[in-house]
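To start, the structure under review is shown below, and the notes come after it.
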Amino acid sequence: MNLYYKSTRNSELRVTASEAILKGLAPDGGLFVPEEMPVLDVPMEELKGMTYQETAYAVMKQFLTDFTESELKNCIAKAYDPKFDTEEIAPLAKVDDIYYLELFHGATIAFKDMALSILPHLMTTSAKKNHVENKIVILTATSGDTGKAALAGFADVEGTRIIVFYPKNGVSKVQELQMVTQKGNNVDVVAIHGNFDDAQSGVKAIFEDKEFAAELAQSGYQFSSANSINIGRLVPQVVYYVYAYAKLLENEEIADGEEINVVVPTGNFGNILAAYYAKQMGVPIAKLVCASNENKVLFDFFQTGTYDKNREFVLTSSPSMDILISSNLERLIYLIAGEDSVKTKELMEALSGSGSYTITEEMRAKLADFAAGYASEDETAGQIRAVCEKTGYVMDTHTAVASYVCGQYRSKTEDQRKCVVASTASPYKFVKSVMTAIDEKYVPADEFELLKELQDTSGIAMPHAIEEILHAKILHTLECDSDKMKEIVKGLCISC
Ligand SMILES: *Cc1c(COP(=O)(O)O)cnc(C)c1O
């Protein structure tokens with residue numbers, strides 16, 4: 001059976017999975033959603049014994065029905081290979097009575113690798129299937145994590161080129177070094193004189209420039225985007241929730257059919273939406289607990305039914321969740337609006353206009369599967385310290401937000417179902433915040449000095465991704481003003 005995708009803002013539009021992956025966003029500004037949610041057609045009994053790669057095939061084949069078996073298996077094999085530092089790809093760590101689903105064992109030690117290591121292969125396969133002859137140019141503006149994960153994913157992938165823009169003084173030392181040392185003959189990294197918003201606006205303006213697109217097409221290039229609204233990023237994220245459930249069963253941590261809860265540290269709402277898709281496919285997940293940091297726009301939304309981005313933006317120690325517009329929420333809104341694209345469009349236009357919208361009571365009633373909580377900066381640091389002192393397990397700041405919210409949810413509701421917490425980054429990636437949470441004496445220390453301290457405290461060997469950047473050569477030194485990004489892209493593409 002073929003599964004097609006439609007836009008959340010226009011139910012009449014109908015595209016294949018490969019077309020949706022190539023386009024990223026629907027032409028009307030909506031997001032692509034499956035016309036029908038597939039139901040897992042492999043029994044848990046079978047999934048139990050499967051490797052990550054086998055599970056990925058079992059799940060993804062139901063979403064990407066226009067890919068052949070060999071195309072999809074080939075993409076999976078290229079993505080989930082020894083770039084990951086464990087054969088399990090996404091291992092579960094049991095700490096006290098919580099299961100941490102560690103999604104940070106890929107090339108850049110954060111969860112974005114789970115999707116960005118396969119997206120380039122899904123994209124080039126989609127291009128071939130749709131007879132696209134042009135080279136695909138990925139343009140990305142990054143506040144740190146996405147840029148490096150996209151660089152690592154697209155590096156040396158034939159038929160692609162990637163250009164990443166980051167704010168010169170707006171990323172951490174580790175993050176900057178990770179990007180400017182990236183190898184590959186199709187990658188470029190450019191520092192912008194400006195902040196993340198300037199970089200993002202610049203990329204958006206290039207995407208919308210039709211004349212420029214025509215000019216580049218003549219040289220054999222077309223733009224695409226690797227951002228988290230692409231279904232080529234969402235679908236691979238459904239896999240690890242199916243895998244986690246099957247592993248809990250295999251390890252006899254849960255009984256057949258036993259319901260679990262999932263707690264997800266949330267920013268753009270992609271990761272938790274993937275968990276919701278897994279539930280809809282038939283995985284026995286009871287509650288999806290959405291965990292926010294002090295930018296708690298989602299917590300307020302679940303609490304009140306009003307989404308309101310008109311508020312102060314807070315810089316926190318979990319920067320990948322410092323987001324006021326959670327783009328993937330639109331897919332949930334569409335579902336709870338009874339797949340009404342007119343209603344969805346109306347709400348999203350209100351968001352881009354006045355910055356807020358309120359859902360109906362009827363829609364709110366359909367959110368019963370979700371719960372929400374948030375952690376302040378102090379609570380986040382306190383959680384890292386408390387869990388480390390009690391168990392020796394050291395987690396990063398994003399995971400700590402979810403871990404805190406997990407405890408809060410349990411004591412508030414007396415819901416004692418077993419909990420899986422999505423663990424989205426290695427503590428090494430946010431070493432400064434993690435070590436100062438554990439001991440205030442590290443406040444004045446340099447980020448790099450703390451790597452060794454973290455190794456001693458956690459007993460986790462320094463990841464390859466970190467060792468590498470300590471000695472790597474700096475390969476990218478391009479800088480530009482934020483109003484010169486188009487010229488830079490032109491120069492890079494026409495010359496290559
Ligand atoms: C991107 C990211 C998140 C947020 O995930 P969303 O899918 O955007 O909700 C959480 N933690 C880390 C470390 C991330 O990189």
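Residue numbers count from 1 along this sequence. Counting starts at 1 for both ligands and their atoms, following the listed order.
Near A425, meaning under 4.0 Å from one of its heavy atoms, ligand 1 places the atoms 13 (C). Below 4.0 Å from some heavy atom of P265 lie the following atoms of ligand 1, by number and element: 4 (C), 10 (C). Listed by number with element, the atoms of ligand 1 under 4.0 Å from a non-hydrogen atom of F269 are 6 (P), 8 (O), 9 (O). Close approach of ligand 1 to T266 (heavy-atom distance below 4.0 Å) involves ligand atoms 9 (O). For ligand 1 and G270, the ligand atoms under 4.0 Å from any heavy atom of the residue are 6 (P), 7 (O), 9 (O).
At a cut-off of 3.5 Å, with distance as the only test, no side-chain donor of T358 or Y307 sits close to an acceptor on the other residue. Judged by distance alone, the side chains of Y240 and N271 do bring a donor and an acceptor atom under 3.5 Å apart. In this model, no donor atom of one side chain and acceptor atom of the other lie less than 3.5 Å apart for R233 and N230.
The backbone N or O of L324 lies less than 3.5 Å from no partner atom in the side chain of K309, so there is not a single donor-acceptor pair. Between the side chain of D308 and the backbone N or O of S356, no donor-acceptor pair lies under 3.5 Å.
Remark: K296 qualifies as a cation-pi partner of Y374 under the 6.0 Å distance and 45° angle criteria applied to the six-membered ring.
Protein heavy atom nearest atom 14 (C) of ligand 1, with residue, atom name and distance: K112 NZ, 2.9 Å. Looking only at protein heavy atoms, the nearest one to atom 7 (O) of ligand 1 is N271 N, 2.9 Å. When hydrogens are left out, the protein atom nearest atom 6 (P) of ligand 1 is N268 N, 3.5 Å; that is the closest non-hydrogen contact. Of all protein heavy atoms, the one closest to atom 5 (O) of ligand 1 is F111 CE2, 3.5 Å.
At a 4.0 Å heavy-atom cut-off, ligand 1 touches T424 through backbone and side chain alike.
For K412, the NZ atom sits in a packed shell: over 12 heavy atoms of surrounding residues, nucleotides or ligands are nearer than 6.0 Å. Other residues, nucleotides and ligands contribute more than 12 heavy atoms inside 6.0 Å of the NZ atom of K287.
Checked by distance only, ligand 1 and F430 stay at 3.5 Å or farther apart across all their nitrogen or oxygen atoms. Below 3.5 Å of separation, one finds no N or O of H398 facing any N or O of ligand 1. By the 3.5 Å distance cut-off applied to N or O atoms, G267 is counted among the residues near ligand 1.
Contact annotation: S228 has no heavy atom less than 4.0 Å from any atom of ligand 1.
Between D446 and K173, at least one side-chain N (NZ, or NE/NH1/NH2) sits under 4.0 Å from a carboxylate O, which counts as a salt bridge.
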